[in-house]
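Take a look at the structure set out below.
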Amino acid sequence: MAIPTPHISAKKEDIAKTVLMPGDPLRSEFIAKTFLKNPVLVNDVRGVHGYTGEYNGKKVTVMASGMGQPSIGIYSYELYNFYDVDAIIRVGTCGSFHPDLHARDIIVAMGACTNGNYAMQYKLPGTFAPIADFDLVRRAVEECEKAGVNYKVGNIFSSDTFYDDANSGMDWAKMGVLGVEMESAALYCNAARAGKKALCICTVSDSFIYPEENTTAEERQNSFTAMMKIALNLA
Ligand code: HPA
């Protein structure tokens, strides 16, 4: 497929080899304007802001994924396969099921379970286990240790429903799954199929165990900032 793609208007050379990917386009703008040197807007199709700039002398792109597996499926597919991106690091928020994780803690998603059927397209004779790139996981752990944040490494659940009629979160918790978000499994599938790298790190925005721990917008922003620095150091 030719560049620009149906969903990204950037020139090929405007996109860095590593892309940081929050869900929210406004967050992508915040990250670029807060942390990157000389950020340039390289994509604005559908308001999905993408910025490229420098962090510690290295070219980095920050582009939003939108919400859900179909949306991150589109952007990550186009970045890996048409823009020759090597690594996508999702920086998101999640709900947590684990008693050791509180609001503002971090989950490094080594694997992603899902109730979605994104992997059906590969026509595999069994169930595919979407996993993160090991080197990115290892380095994310090093950065979490350096930053002194509370974190856990493990499985996350990529749900196709935010408002889940069956309220199935705690069923996944029985299997040791740490938390729920809506994008990682599709990202990991696309990375695997393209032979590229992916990782998702999430800050816990809400806990199923401690529902009283609601964070303020400012606290969420601050904890998100801590995670962003971890992700930028990886890039
Ligand atoms: N469900 C799905 N995605 C989420 C949640 C949740 O509870 N919290 C943050 N992202």
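Index from 1, following the sequence. First listed ligand is number 1; within each ligand, the first listed atom is number 1.
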Those residues that, when tested against E213, pass side chain to side chain donor-acceptor pair (under 3.5 Å) (two or more places apart): H102

Side-chain ion pair, K59 and E54, N-O less than 4.0 Å: no

Contacting atoms of ligand 1, where contact means under 4.0 angstrom from a heavy atom of S205: 8 (N), 9 (C)

When clusters are formed by joining ILVMFWY residues with side-chain heavy atoms under 4.5 Å apart, either directly or through shared neighbours, do I72 and F82 land in the same one? yes

Do K146 and E143 meet the salt-bridge criterion of a basic N to acidic O distance under 4.0 Å? yes

Ligand 1 to M182, heavy atom cutoff 4.0 Å, flagged ligand atoms 2 (C), 3 (N)

C94 near ligand 1, heavy-atom distance under 4.0 Å? yes

Ligand 1 and E181, any nitrogen or oxygen pair closer than 3.5 angstrom? no

Is there a polar contact between ligand 1 and G95, counting only N or O atoms under 3.5 Å apart? yes

Who passes side chain to side chain contact (heavy atoms under 4.5 Å, CB included) against D24, sequence neighbours left out? L26, R27

Aromatic plane relationship, Y55 with F35 - under 30° parallel, 30 to 60° tilted, over 60° perpendicular: perpendicular

Any donor-acceptor pair under 3.5 Å linking the side chain of Y151 with the backbone of L101? no

What protein heavy atom sits nearest atom 2 (C) of ligand 1, and how far away is it? F162 CD1, 3.6 Å

Closest approach of any protein heavy atom to atom 10 (N) of ligand 1, naming residue and atom: T93 O, 3.5 Å

For ligand 1, which atoms have a heavy atom of D206 less than 4.0 angstrom away? 7 (O), 8 (N), 9 (C)

In terms of residue, atom name and distance, what is the protein heavy atom nearest to atom 4 (C) of ligand 1? V180 O, 3.7 Å

